[in-house]
2 protein chains.
Amino acid sequence: MTDSLTAETIIRQYNLKLTKPRMLVLNLLLSRQEVLTADEIYEFLVRTGSSLNFSTVYRTLETFTEKKITEKVKMPDSRKAGFLLFTMSHTHNLICLGCHKVIPIHGCPLKAFNEELAAETRFEIVGHDLTVYGYCEKCRKPHHQ
Amino acid sequence: MTDSLTAETIIRQYNLKLTKPRMLVLNLLLSRQEVLTADEIYEFLVRTGSSLNFSTVYRTLETFTEKKITEKVKMPDSRKAGFLLFTMSHTHNLICLGCHKVIPIHGCPLKAFNEELAAETRFEIVGHDLTVYGYCEKCRKPHHQ
DNA sequence: ATGCTCTTGCAAATGATTTGCAATAAGGAG
DNA sequence: CTCCTTATTGCAAATCATTTGCAAGAGCAT
């Protein structure tokens, strides 16, 4: 009864047409638990023999992000945007600056804080961006300036 | 004995040469407690009679950000970067999506959380981005989708 | 199989930011 | 105060990521 989380299932769940580019992009994101930039996705797919267009990658990622299949984050020290799976269970991520692996942070550490902040500032708080950066066990090096 | 926080004092404190563009940009940021984009700064200065170059604004903001006189944030729903004063007392900001006013968040709500997270994931955590978005009292409207 | 609509590919445009280079200005030495 | 070295600026052109217009090409409900 529970659908397995294949690219196909996901795409269908969101009422999107099942197309080759969408399958390719989503399968890549599913297979790696990583942030990828549009060009990394494009490069990889082309390098591994698929044929699709760069703008299609952008459009696909835009669509996925609207539907909350993916999430868009700003990559530190780069102008590019990163994309990663938006799994329902999290809102924030821990990103390894070495290998770009993404560890989802389950549960939002800011819930209580937001309430305090709203009371204090009288703002209506509608959201926040939180991304934590670091180095995973493998990548730990004297990287930081 | 305590230096007042004029643009001049600040620029000197960071061993930067005191130049007209730097004074203009920093004074603007000091006078408004707001996030401003490079083009907003440029437009404003030119409109109010100053003469300086767009790339100089970028270079100035880059320098200020390196020295931590300013801080660079990603503006939501825009490709542009926003710049605001980096006051030593805070790391994070609450930004009003209506008027772009910035309220510095004093103290980091993630200190304790980062330690937990490091222990749990065995990452060496080197930093994080946190920006909270909302609407200030004045701007509260049925804005959110 | 047919048609309506959503997607794609391609090429060109856009928009933000960066860069090379020569001219200029800051600030220390004398 | 003047000279000198070096950092900074202006300008124009380049770059880089991302977006867009448009015509051709799928999906998929019927």
Side-chain angles (χ1 to χ4, degrees), chain A residues 6-28 35-46 49-67 69-84 100, chain B residues 7-28 35-46 49-67 69-83 100:
Chain A
T6 59
E8 179 169 347
T9 316
I10 296 171
I11 292 172
R12 285 242 155 79
Q13 267 169 5
Y14 287 90
N15 295 312
L16 295 173
K17 287 190 180 170
L18 194 64
T19 66
K20 209 176 81 183
R22 284 172 182 168
M23 288 292 282
L24 289 168
V25 172
L26 187 48
N27 272 322
L28 179 56
V35 221
L36 296 170
T37 58
D39 65 297
E40 283 170 343
I41 293 173
Y42 175 73
E43 291 300 334
F44 176 86
L45 293 175
V46 168
S50 302
S51 154
L52 86 176
N53 195 273
F54 208 160
S55 7
T56 304
V57 172
Y58 273 106
R59 281 193 275 229
T60 300
L61 291 168
E62 192 192 12
T63 306
F64 284 176
T65 303
E66 274 167 16
K67 298 281 187 180
I69 295 173
T70 54
E71 191 181 339
K72 186 178 185 177
V73 301
K74 151 181 174 308
M75 298 299 281
D77 300 325
S78 156
R79 260 198 265 166
K80 298 178 189 173
F83 294 87
L84 54 116
H100 286 188
Chain B
E8 180 170 345
T9 314
I10 296 171
I11 292 172
R12 286 242 155 78
Q13 266 170 7
Y14 287 90
N15 295 312
L16 295 173
K17 288 191 179 169
L18 194 65
T19 66
K20 209 175 82 183
R22 283 173 182 168
M23 288 292 282
L24 290 168
V25 173
L26 187 49
N27 271 323
L28 179 56
V35 222
L36 296 170
T37 59
D39 65 297
E40 284 169 342
I41 292 172
Y42 174 74
E43 291 301 334
F44 176 85
L45 293 176
V46 168
S50 302
S51 154
L52 86 176
N53 196 272
F54 207 160
S55 6
T56 303
V57 172
Y58 272 107
R59 280 193 274 229
T60 299
L61 291 168
E62 193 192 12
T63 306
F64 284 176
T65 303
E66 273 167 16
K67 298 283 187 177
I69 295 172
T70 54
E71 191 181 336
K72 187 177 184 176
V73 302
K74 149 182 175 310
M75 297 300 281
D77 300 325
S78 158
R79 259 197 266 166
K80 297 179 189 172
F83 294 87
H100 286 189

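In the text below, chain A, chain B and the rest are named by the order of the sequence lines, each starting its count at 1.
- When heavy atoms are screened at a 4.0 angstrom cut-off, A:T63 is found touching no nucleic acid atom at all.
- One finds the CG atom of B:L61 at 9.0 Å from the NZ atom of B:K72 (value rounded to the nearest 0.5 Å).
- Put simply, A:R22 has a side-chain N or O that comes within less than 4.0 Å of OP1 or OP2 on C:dT7.
- Look at OH on B:Y42: it is 11 Å from C1' on D:dC11, rounded to the nearest Å.
- With hydrogens and angles ignored, a donor-acceptor pair closer than 3.5 Å exists between the side chain of A:K17 and the base of C:dT5.
- Rounding to whole angstrom units, CE of residue B:M23 and P of D:dT9 are separated by 13 Å.
- At a threshold of 4.5 Å between non-hydrogen side-chain atoms, the residues A:R22 and A:L18 do not count as touching.
- Within the structure, every side-chain polar atom (N or O) of B:R59 is placed at least 4.0 Å from both OP1 and OP2 of C:dT19.
- For the pair A:L61 CG and C:dT7 C1', the interatomic distance rounds to 15 Å; values are reported in whole Å.
- Rounded to a whole Å, the CZ atom of A:F54 is 14 Å from the C1' atom of C:dC10.
- Following rounding to the nearest Å, B:L45 (CG) and D:dT9 (C1') show an atom-to-atom distance of 15 Å.
- Proximity of A:T70 to A:V25: side-chain heavy atoms (C-beta onward) are nowhere separated by under 4.5 Å.
- Between D:dT9 and B:T19, a contact under 4.0 Å exists linking OP1 or OP2 to a side-chain N or O.
- Residues A:Y42 and A:T37 fail the side-chain proximity criterion, which asks for heavy atoms closer than 4.5 Å.
- Taking only distance into account, the side chain of A:T37 never meets the base of D:dA17 through a donor-acceptor pair shorter than 3.5 Å.
- Sequence order on DNA chain C of the closest nucleotides to B:S55 and A:L16 puts A:L16 first from the 5' end.
- We find that CD1 of A:I11 is positioned 15 Å from C1' of D:dC28, with the value rounded to whole Å.
- When rounded to the nearest whole Å, the span between CG of B:L24 and P of D:dG10 equals 9 Å.
- Checking the phosphate oxygens (OP1, OP2) of C:dT17, a side-chain nitrogen or oxygen of B:Y58 falls inside 4.0 Å.
- Remark: A:T56 is in phosphate contact with C:dG9, judged by side-chain N or O atoms under 4.0 Å from OP1 or OP2.
- Put simply, NZ on B:K67 and CG on B:L16 are 5.0 Å apart, with the number rounded to the nearest 0.5 Å.
- Within the 4.0 angstrom heavy-atom criterion, only backbone atoms of the sugar-phosphate kind lie near A:S51; the bases stay farther away.
- Between B:N53 and D:dT9 there is no side-chain N or O to OP1 or OP2 distance below 4.0 Å.
- A straight line from CG of A:L18 to P of C:dT5 spans 21 Å, rounded to a whole angstrom.
- Proximity of A:T60 to the phosphate of C:dT7: no side-chain N or O atom is located under 4.0 Å from OP1 or OP2.
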